[in-house]
Amino acid sequence: MTGPEEEAGRGRGGFAIGALVYGIAVFLLYHSSASPNLGAAHDGIYYVRAMRTGSGLWHPHHLLPSPLGRLFWRLLGGDLVARFELLNAFFGAATVAALFFILADRFGLFTAVFYSGIFALSFGPWFYSSTVEVYIFPLPFLLVSYRLLFRPRRGEAFDGRGANASGASAGDASPPRSSIFFSGIAAAFAVFFHQTNLLFVFTPAVLLGRRRLRAFLGWCLVFTLLVGAGYFWVISTGRAAGRSDSGTAASWMTSYLHTQRGLGHWSATTIPRMAVGTGRFFVGGHFLFRLMGNFGDGRHYLEDERFLVQSMPRERAALLLAAVFFGMLGTIVFLLAARRAVPKEMTRRFFASAWSRGLAAWLLPYALFFSWWEPENVEFWIAPMVPFLLLLAEGIPIEPIVRKSRIAVPILLLIPLLLGAVNWYGSIRYLRDPRNDYYAFRASEFQPAGPGDRVSVIDPWILAPYLEEKRGVRIAATAEPRRTRKRRRQRSKGKSEREAWSADTLVCERTGRRSKGMRQRNEKR
């Protein structure tokens, strides 16, 4: 006969194999979906330049992604963008595999397949795992750190719901010292990959601090020492900003306070903007630009997204919108039916368990912070959606409804697949096509500019570094773009899509010639 601890170990071994297979499948999906459009992620062009030149490699708010990407590229060689995207796909797949294992171990296979499938095929994780960006890297470390806080001591056996034979919760028992140590290390690496993960400290504070103060202080000690040592090394070696003096280091550490003023605030529009950000986590929604005309017109950060789907047939956009509507309706009905199948005893455990309290302590600080800081930006909602989906699985596990109804099995597979199809045909497919790169199109109009030329360009945000990276030009001066009513009138008069995308000024100082885009604009005046 085998004891409960051995049976649990055997079950976890099977779930680990399942998570590995699931992760490999997701890795192949993300890697095959790699996007060459650096402008689509906006900051990708800056990361590429930093990795290629080694200048500005250490960013105060995400220390490790660029140095790791540069190291990976130099070890493997080849195209830098492809190598970084390969690395990003690996971390995205590792996140999905970790999520799958935790859900399978706690609830069972069907809950793991459903919720990890929702996460994997949502737009946020999918796109940001297949481009040059930094928001996926911390996620597996956060999941590992959280799971280690619930690791039982030797001799204690807990079931999938985190309770032992006496009914005590795994969260009510202090984890072994080794788990606290490695949990602190994993959380520290999450901070190295993105500084906003300092917010994760509220999670062990809630789980450990109330009744196990020594355990929490031990976690904080490991976490603080590692994070402090990492930043101290970067600053003291002059990697922060080329110098190691205290003034430079302080300016470097607080760069967002100087460069991103005005982004952090709450207002009457906060809730609608949060709805946009969280909604786009699930559905990219680029097809909406084909149905809503000049939606968002005048907002320069949406121009590349409108340009992206210029060739999409309106019929397809309408079909995708209908799929989103009926898919959301079907998902709500399915989850309500699954909720009714959950025994009341499970519901009571949901509100009483340390697992749920820990997830709430993980989710709420992130949600509050990002509701204040750019709530409409999908990239910031990727990290909070991990505890959100875990909480949703805690409240609505899928196993009870599968036992009651066979029809639930194809539905739980259909919903993630429908989500994936909407995101593929509505966003990802177009992001992979170089012809839909708005900044490549604008750069193509500036034919006189070549390597070594000094140019003046409107739009310093992306186009200037894009031209430096792609053409080898030197930027002499930049100015903010001017948004004119003429551009909006051009779009409304039925002109072709590419005629409507007027180019801004670029002057080639070596030849004295002006770009085709500027000549056309002067003729129209």
Side-chain angles (χ1 to χ4, degrees), residues 22-45 81-82 84-96 116-137 139 276-291 301-324 327-328 377-382 385 413-441:
Y22 206 84
I24 290 172
V26 171
F27 170 78
L28 294 175
L29 173 68
Y30 288 166
H31 183 50
S32 63
S33 306
S35 171
N37 299 346
L38 290 175
H42 300 308
D43 292 332
I45 189 68
V81 173
F84 193 88
E85 288 173 341
L86 179 68
L87 196 64
N88 227 343
F90 170 79
F91 277 87
T95 302
V96 175
S116 56
I118 291 290
F119 181 85
L121 296 175
S122 290
F123 173 73
W126 189 350
F127 175 60
Y128 284 89
S129 295
S130 55
T131 190
V132 180
E133 260 295 357
V134 301
Y135 295 96
I136 296 297
F137 288 94
L139 302 186
V276 170
T278 55
R280 292 203 68 196
F281 168 87
F282 294 105
V283 178
H286 292 92
F287 56 86
L288 290 175
F289 290 109
R290 296 296 294 154
L291 296 174
Y301 57 85
L302 292 178
E303 289 193 2
D304 56 340
E305 301 202 49
R306 286 197 298 267
F307 184 84
L308 184 74
V309 291
Q310 60 182 325
S311 61
M312 179 186 290
R314 290 183 180 274
E315 296 79 9
R316 178 181 296 170
L319 182 62
L320 289 168
L321 182 61
V324 170
M328 287 177 58
N377 197 335
V378 59
E379 60 197 27
F380 294 121
W381 291 103
I382 295 174
M385 282 299 171
L413 295 175
L414 180 63
I415 289 173
L417 290 176
L418 178 62
L419 178 64
V422 167
N423 281 320
W424 171 259
Y425 289 104
S427 296
I428 303 293
R429 179 182 178 183
Y430 293 91
L431 285 161
R432 294 182 68 245
D433 190 341
R435 294 173 299 179
N436 297 328
D437 189 343
Y438 172 62
Y439 295 96
F441 165 68

Check the angle between the aromatic planes of F289 and H286 and answer parallel, tilted or perpendicular using the 30° and 60° thresholds.
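Plane angle between 30° and 60°, so tilted.
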
Classify the ring geometry between F441 and F307 as parallel (under 30°), tilted (30 to 60°) or perpendicular (over 60°).
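The arrangement is parallel - the two ring planes meet at less than 30°.
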
Between [X] (side chain) and [Y] (backbone), is there a donor-acceptor pair under 3.5 Å?
{"X": "R429", "Y": "W424", "value": "no"}
{"X": "Y30", "Y": "A120", "value": "yes"}
{"X": "Y22", "Y": "G117", "value": "yes"}

State whether the number of non-hydrogen atoms from other residues, nucleotides or ligands found under 6.0 Å of F90 atom CZ is greater than 12.
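Count not over threshold, so no.
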
With no hydrogens and no angle check, just 3.5 Å: does a side-chain donor-acceptor pair link Y135 and E379?
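The criterion, which ignores hydrogens and geometry beyond distance, is satisfied for E379 and Y135.
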
With heavy-atom distances below 4.5 Å as the criterion, would you say the side chains of [X] and [Y] are in contact?
{"X": "Y439", "Y": "N37", "answer": "no"}
{"X": "F27", "Y": "S129", "answer": "no"}
{"X": "F282", "Y": "I118", "answer": "yes"}
{"X": "L431", "Y": "N436", "answer": "no"}

Should the pair R280-E305 be classified as a salt bridge under the 4.0 Å nitrogen-to-oxygen rule?
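Yes, this pair counts.
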
Indicate, with yes or no, if the rings of Y425 and F287 have centres closer together than 6.0 Å.
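Not close enough - the centres of the two rings lie 6.0 Å or further apart.
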
Before we go on, tell me: are the rings of F137 and F84 under 6.0 Å apart, centre to centre?
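For F137 and F84, the ring centres are under 6.0 Å apart.
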
State the [atom1]-[atom2] distance between [X] and [Y], to the nearest 0.5 angstrom.
{"X": "S33", "Y": "L28", "atom1": "OG", "atom2": "CG", "value": "10.0 Å"}
{"X": "S427", "Y": "F127", "atom1": "OG", "atom2": "CZ", "value": "9.0 Å"}
{"X": "L29", "Y": "L121", "atom1": "CG", "atom2": "CG", "value": "6.5 Å"}
{"X": "I382", "Y": "S122", "atom1": "CD1", "atom2": "OG", "value": "10.0 Å"}
{"X": "N88", "Y": "E133", "atom1": "CG", "atom2": "CD", "value": "8.0 Å"}
{"X": "L288", "Y": "L320", "atom1": "CG", "atom2": "CG", "value": "9.5 Å"}

Which heavy atom of [X] sits nearest to which heavy atom of [Y], and what is that distance?
{"X": "A317", "Y": "M312", "answer": "CB-SD, 3.8 Å"}
{"X": "E85", "Y": "A34", "answer": "OE1-CB, 3.3 Å"}
{"X": "V378", "Y": "G124", "answer": "CG2-CA, 4.3 Å"}

Stepwise side chain to side chain contact (heavy atoms under 4.5 Å, CB included) check, F281 with F119:
CA-CA 9 Å; F281 168 87; F119 181 85; 3.8 Å; yes

Please walk me through it: do Y128 and I136 pass side chain to side chain contact (heavy atoms under 4.5 Å, CB included)?
CA-CA 7 Å; Y128 284 89; I136 296 297; 3.9 Å; yes

